[in-house]
Amino acid sequence: GSEVPGLAYASGMAAVTAGLSLVPIGGVAVVLTVSYNGTLGLARQLQADGALVLREVDPTNLAETIAAFDGADLVWLESPTNPMLDVLDLPQIIAAAHEQGATVVVDNPFSTPLRQRPLELGADLVVHSATKFIAGHSDVLLGLAVTRDPELCARLLAKRSLSGAIPGPFEAWLALRGLRTLAVRLDRSEESATELARRLEAHPEVARVRYPGLPSDPGHRLATEQLEGYGAIVSIELRPGLDDPAGAARAEAFVEALRLITPATSLGGVESLAERRRRHPSEPSVVPESLVRLSIGIEHVEDLWADLSQALDASKA
């Protein structure tokens, strides 16, 4: 049948933990250097504990990434990546991992199943933080793991039962309530994100816009081939000042100056959020200091632009 077996977890991190638990003790896991910092943090901890051998690879270097699959038990992918929004050639990378006998997991919270279905591209397991777009109201913690392989699903179910990572019924109900409006929320947020990305790209105080929907974005061609929409996450790098060469202070000032958009860590909700990612000590060092990740909600696009514009002006060096 067409039904895909899936499991719900108490959080996105619980689903990530379940995915990484598929690495046999002492086995090799390949994880992108630009991954969700919780995933990288857990993988590094598992390596420190002797549970696995971790290989971190630069996702923008395809040859290096594929070379790292030799002898790997598990390959962990994200596309578009968080928060850099790099787009990977998933079919090619997944096929290369399978040639080496590795299990492939794709973390897919930015795109949701409405924009990208990695199982159709060959992935063995897809994980989602349903906390984000799927539940969509910033009021629930929930993770999902989905596979076409009944044996894999049974393995994960047994592990979930013993590890206690099952969500509560109220959280599951909230996520189902959110899921019912995912299509209209995502359409609205994505439409606004595309328009705001265009305007931000033209703004003199913005050094770079990372959004695969922009024709100028390095990932645009791949995204157009692989995705059914470019999503609602836009990352911007602000123009640094002479006394702030990395742009960290400028980015902090910009976030502080926002009035409608809320400074917060999460994403995918109906309210727009902004965050300078490098304020987290655990954020990968490859993420620029001046990068601000914007999660575009469903507010009126002109209200969002007015807020972004005034914050860019207020934070000028």
Using only atom types and a distance under 3.5 Å, with no angle test, would you say the side chain of [X] pairs donor to acceptor with the backbone of [Y]?
X      : Y      : answer
Gln47  : Leu42  : no
Arg55  : Ala68  : yes
Thr39  : Ser35  : no
Arg117 : Pro113 : yes
Gln226 : Leu88  : yes
Arg276 : Glu289 : yes
Ser295 : Leu267 : no
Asp244 : Ala249 : yes
Ser189 : Ile296 : yes
Arg185 : Ile134 : yes

Can you measure from [atom1] ([X]) to [atom2] ([Y]) and round to the nearest 0.5 angstrom?
X      : Y      : atom1 : atom2 : value
His128 : Tyr9   : NE2   : OH    : 13.0 Å
Arg160 : Leu162 : CZ    : CG    : 11.5 Å
Ile25  : Leu52  : CD1   : CG    : 8.0 Å
Leu196 : Leu294 : CG    : CG    : 8.0 Å
Leu22  : Thr17  : CG    : OG1   : 11.5 Å
Gln310 : Leu258 : CD    : CG    : 6.5 Å

For residues [X] and [Y], determine if any side-chain heavy atom of one lies less than 4.5 Å from a side-chain heavy atom of the other.
X      : Y      : result
Thr33  : Pro284 : no
Pro212 : Leu85  : yes
Asp313 : His203 : yes
Leu46  : Leu20  : yes
Thr181 : His137 : yes
Trp76  : Val16  : yes
Leu114 : Glu228 : no
Val140 : Thr131 : no

### Message
Go through it in stages, so that I can follow the logic: the residues are Arg188 and Glu191, the test is salt bridge (Lys or Arg N to Asp or Glu O under 4.0 Å), and I'd like the CA-CA distance, side-chain angles, deciding distance and then a yes or no.
### Response
CA-CA 5 Å; Arg188 170 64 174 256; Glu191 185 182 345; over 6 Å; no

Hphob cluster co-occupancy, [X] + [Y], side-chain heavy atoms under 4.5 angstrom:
X     : Y      : value
Leu74 : Ile66  : no
Leu7  : Leu179 : no
Leu32 : Leu54  : no
Leu77 : Leu156 : no
Val28 : Leu40  : no

### Task
Before giving the answer on side-chain contact (heavy atoms from CB on, under 4.5 Å), spell out for Ile261 and Leu308 the whole-Å C-alpha distance, their side-chain angles and the decisive distance to 0.1 Å.
CA-CA 8 Å; Ile261 299 171; Leu308 290 167; 3.7 Å; yes

#### Entry: Hydrophobic cluster of Leu273, others only, ordered by chain and residue number, side-chain cut-off 4.5 Å
none

[Y] and [X] side chains, donor-acceptor separation under 3.5 Å:
X      : Y      : result
Thr194 : Tyr211 : yes
Thr147 : Asp149 : no
Glu275 : Thr265 : yes
Thr224 : Tyr230 : yes
Arg250 : Ser315 : yes

### Message
Regarding Arg221 and Asp89, does a basic nitrogen lie under 4.0 Å from an acidic carboxylate oxygen?
### Response
no

### Query
Between Glu201 and Arg198, is there a salt bridge with N-O shorter than 4.0 Å?
no

### Message
Pair His220, Leu214 - check side-chain contact (heavy atoms from CB on, under 4.5 Å), show working.
### Response
CA-CA 6 Å; His220 182 68; Leu214 290 172; 5.8 Å; no

So which heavy atom on [X] is nearest to which on [Y], and how close?
X      : Y      : answer
Val106 : Ala123 : CG2-CB, 3.8 Å
Pro83  : Ser235 : O-OG, 2.7 Å
Leu304 : Ser272 : CD2-OG, 3.3 Å
Gly269 : Ser138 : CA-OG, 3.8 Å
Glu64  : Asp58  : OE2-N, 3.2 Å
Tyr36  : Met13  : CE2-SD, 3.6 Å

### Message
Evaluate Leu157 against Cys153 for side-chain contact (heavy atoms from CB on, under 4.5 Å), listing each step before the verdict.
### Response
CA-CA 6 Å; Leu157 176 60; Cys153 192; 5.5 Å; no

### Query
What residue pairs, at least two apart or across chains, pass salt bridge (Lys or Arg N to Asp or Glu O under 4.0 Å) with a residue in residues 18-45?
Arg44-Glu56

### Query
Applying the side-chain contact (heavy atoms from CB on, under 4.5 Å) test to Arg210, which of Ile233, Thr81, Asp86 qualifies?
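Result for side-chain contact (heavy atoms from CB on, under 4.5 Å) with Arg210: Asp86.
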
### Query
Under the salt bridge (Lys or Arg N to Asp or Glu O under 4.0 Å) criterion, do Asp217 and Arg208 qualify, and how do the steps go?
CA-CA 10 Å; Asp217 191 90; Arg208 179 174 177 181; 5.1 Å; no

### Query
For atom CD of Glu256, is the number of surrounding heavy atoms from other residues, nucleotides or ligands below 6.0 Å larger than 12?
no

### Query
Does atom CD of Glu151 have more than 12 heavy-atom neighbours, drawn from other residues, nucleotides or ligands, at distances under 6.0 Å?
no

### Task
Any pair with a residue in residues 97-116 that passes side-chain hydrogen bond (donor to acceptor under 3.5 Å, both in side chains), sequence neighbours left out, goes on the list, sorted by first then second residue, please.
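For residues 97-116, and leaving out neighbouring residues, the side-chain hydrogen bond (donor to acceptor under 3.5 Å, both in side chains) pairs sorted by first residue read His98-Asp124, Asn108-Gln116, Arg115-Asp187, Arg115-Glu190.
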
### Task
For Glu120 and Arg148, run side-chain contact (heavy atoms from CB on, under 4.5 Å): C-alpha distance rounded to whole Å, both residues' side-chain angles, the deciding distance at 0.1 Å, then the answer.
CA-CA 10 Å; Glu120 294 176 4; Arg148 280 210 166 102; 4.0 Å; yes

### Message
Working note: Glu283 + Arg278, criterion salt bridge (Lys or Arg N to Asp or Glu O under 4.0 Å); need CA distance, chi angles, decisive distance, verdict.
### Response
CA-CA 6 Å; Glu283 190 72 1; Arg278 279 296 294 281; over 6 Å; no

